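Letters go in sequence order (proteins before strands), and every chain restarts at 1. The structure presented is a predicted model; accordingly, all values stated were derived computationally and were not measured.
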Number of protein chains: 2
Amino acid sequence: MTYTLAEEDYLKAIYKIAERHGTPVSTSAIAELMQTRPASVTDMLKKLADKELIDYKRYHGVSLTRTGARQATLLIRKHRLWECFLVDKLGFSWDEVHEIAEQLEHIQSDTLIDRLDDYLENPKFDPHGDPIPDASGAYRMRYQILLSDLGLHKPAVLVGVREHASSFLQYLDQNRLALGATLEVVEVLPYDGSVRLRLGDGEPILISGQVARQLYVRQTTESA
Amino acid sequence: MTYTLAEEDYLKAIYKIAERHGTPVSTSAIAELMQTRPASVTDMLKKLADKELIDYKRYHGVSLTRTGARQATLLIRKHRLWECFLVDKLGFSWDEVHEIAEQLEHIQSDTLIDRLDDYLENPKFDPHGDPIPDASGAYRMRYQILLSDLGLHKPAVLVGVREHASSFLQYLDQNRLALGATLEVVEVLPYDGSVRLRLGDGEPILISGQVARQLYVRQTTESA
DNA sequence: TGAAGAATTTAGACGGGGCTAAAGTACAAA
DNA sequence: TTTGTACTTTAGCCCCGTCTAAATTCTTCA
Ligand SMILES: [Mn+2]
Ligand SMILES: [Mn+2]
Ligand SMILES: [Mn+2]
Ligand SMILES: [Mn+2]
């Protein structure tokens, strides 16, 4: 019923890779995300399979079992709630909280997390716009498309980030790109795919196609 | 500069034993407090000595170096601040927080603890009445004597507990013995040393000598 | 279809932290 | 001063999670 820190982190990694690239999840993908060697991953996969947290067939990658997936979403719930705490209550900025939440998510307590949830008034999204699973592990996907797929002159709002690196988040801060910001694509430069944006009603800014592919937006209804 | 969870817990244990029983601290005392075997303690003592966190001479016990003591007080600071958070913000009771704080105290972040301190408005005592070291590791001992050493009819206030076990704290709750309660010894039964107390201005209650030796009180001035 | 070549697993090792059993040391009582 | 007993350390082992190097399997493409 209770798993080690390493086991939890592996389950989370598998969950995240499966969410983005589908199943089965390869050994090397896990190794890359977790900054370890493939051989180490293989060792852990055997252990997780023994505990029936994953389905594993040698040389063919893994997928989470029902139990494994539930454990992973509970860990993600804890991670995101702690990030909310750090930002909303302690005044950290969104680029500073990931490392700390990476540790806090492993605190073992049946009641702590649910009390924290209530204390934060049951937030539905974390500081990066990612949805927070409820105590049963359920969450709604947020409606989103990549900014790079948004048509010209379609009003939209920034709802999430695909990349979580500090340097990227700081770049967004410097360009006034905060969650909830309203924006509209003014022009896509044909040469390199750079995107010119109007943010709110300010001056247009230019961002690279690279950046545009890391931002999730939701189109706002053009009427009303 | 950064220590493992086990190393931190050992340093804290040595600190606490030294505080209560003086120095040098014996291998077996550490083993008993940490619920491990003396052989395991000896192993760790060698490692801590190599890192110059303790002074260790085979067969003669240990004491903390300046560095070791500083590390221990910082851990205690973290433990007690998290206990305040759990009680004051999340609504836990004082008998539920120790185990959780035992985990939270190991979260590594330069700024987290100082922000938490500010968020809690720099408390000077934790929910058990124990003093909280400041960021430099300094703290004032609270003025205290054991209830078992308090004379008859001397007004006093409950300021701390020597025993932290849940069952003990719950016993106190059931007898309305909360920190800050005013009390006065009405009678000491000669047969077994039980103590009859008047709590505030209620009915006197009877507690065992055993319990009286686990409670710290501060005499309130009889004048004024 | 049959190698390369890439991905994955196995073999063997290591450091951290724990244990038991056996050996060594200190100290108090005779 | 000796000796018995309690305390402490050592020796040897285990599990966890990681690594490198070598072997294996899969896949792709000539
Ligand atoms: Mn983690
Ligand atoms: Mn996040
Ligand atoms: Mn601890
Ligand atoms: Mn406490």
Side-chain angles (χ1 to χ4, degrees), chain A residues 1-14 17-18 20-64 68 71-72 75 102-103 105-106 108, chain B residues 1-14 17-18 20-64 68 71-72 75 102-103 105-106 108:
Chain A
M1 282 314 165
T2 180
Y3 304 103
T4 67
L5 187 150
E7 287 170 341
E8 290 188 335
D9 279 343
Y10 273 97
L11 291 175
K12 192 176 61 168
I14 294 166
I17 296 166
R20 227 180 244 199
H21 305 289
T23 201
V25 171
S26 73
T27 299
S28 53
I30 299 169
E32 192 200 334
L33 184 59
M34 300 204 52
Q35 304 273 63
T36 57
R37 295 315 185 130
S40 309
V41 174
T42 300
D43 286 344
M44 180 58 83
L45 295 184
K46 288 185 219 162
K47 293 171 197 167
L48 294 176
D50 285 349
K51 301 190 180 185
E52 297 185 63
L53 294 166
I54 60 174
D55 290 315
Y56 172 46
K57 236 183 72 192
R58 264 180 13 285
Y59 293 100
H60 291 88
V62 299
S63 59
L64 294 172
Q71 201 57 37
L75 193 68
E102 201 59 41
Q103 299 176 62
E105 69 190 0
H106 301 288
Q108 309 275 0
Chain B
M1 279 320 164
T2 180
Y3 304 102
T4 68
L5 187 150
E7 286 170 340
E8 290 188 335
D9 278 343
Y10 272 96
L11 291 175
K12 192 176 63 169
I14 295 166
I17 297 166
R20 222 178 247 201
H21 304 288
T23 202
V25 171
S26 75
T27 299
S28 54
I30 299 168
E32 192 199 336
L33 183 59
M34 300 204 52
Q35 304 273 62
T36 58
R37 295 316 182 129
S40 309
V41 174
T42 300
D43 286 345
M44 181 57 84
L45 295 184
K46 288 185 219 162
K47 294 170 195 166
L48 295 176
D50 285 349
K51 301 189 180 185
E52 297 185 63
L53 294 165
I54 59 173
D55 290 315
Y56 173 45
K57 236 182 73 191
R58 267 187 3 290
Y59 291 102
H60 294 279
V62 299
S63 59
L64 294 171
Q71 201 56 36
L75 193 69
E102 200 60 40
Q103 299 176 62
E105 68 189 0
H106 301 288
Q108 308 275 359

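As rounded to whole Å, 11 Å separates atom C1' of C:dG18 from atom CZ of B:Arg37. The interatomic distance linking A:Leu48 (CG) with D:dC16 (C1') rounds to 13 Å, in whole Å. D:dG17 atom P lies 19 Å from atom CD of A:Gln35, rounded to whole Å. The distance from atom CG of A:Asp9 to atom C1' of D:dC16 is 15 Å, rounded to the nearest whole Å. Rounded to whole Å, the distance from CG on A:Asp50 to P on D:dC15 is 14 Å.
Tested against A:Lys12 for a side chain to side chain donor-acceptor pair (under 3.5 Å), the candidates A:Gln71, A:Glu7, A:Glu102 yield a single pass: A:Glu102.
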Before you tell me yes or no, could you show the steps for B:Tyr56 and B:Leu48 under side chain to side chain contact (heavy atoms under 4.5 Å, CB included), namely the whole-Å CA-CA distance, both residues' side-chain angles and the distance that decides it to 0.1 Å?
CA-CA 9 Å; B:Tyr56 173 45; B:Leu48 295 176; over 6 Å; no
Check against side chain to side chain contact (heavy atoms under 4.5 Å, CB included), A:Leu64 and A:Thr23:
CA-CA 9 Å; A:Leu64 294 172; A:Thr23 201; over 6 Å; no
Dump the intermediate steps for side chain to side chain contact (heavy atoms under 4.5 Å, CB included) on B:Gln103 and B:Leu5, then the final yes or no.
CA-CA 9 Å; B:Gln103 299 176 62; B:Leu5 187 150; over 6 Å; no
Can you check each nucleotide of nucleotides 5-16 of chain C against protein heavy atoms at under 4.0 Å and return B for base, S for sugar-phosphate only, - for none, in 5' to 3' order?
---BBB------
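Distances shorter than 4.0 Å separate none of the side-chain N or O atoms of B:Tyr3 from OP1 or OP2 on C:dG17. The side chain of B:Ser40 places an N or O atom within less than 4.0 Å of a non-bridging phosphate oxygen (OP1 or OP2) of C:dC19.
Within a 6.0 Å sphere centred on CD of A:Glu32, heavy atoms belonging to other residues, nucleotides or ligands number 12 at most. Taking a 6.0 Å sphere around CD of A:Gln108, one finds it holds more than 12 heavy atoms contributed by other residues, nucleotides or ligands.
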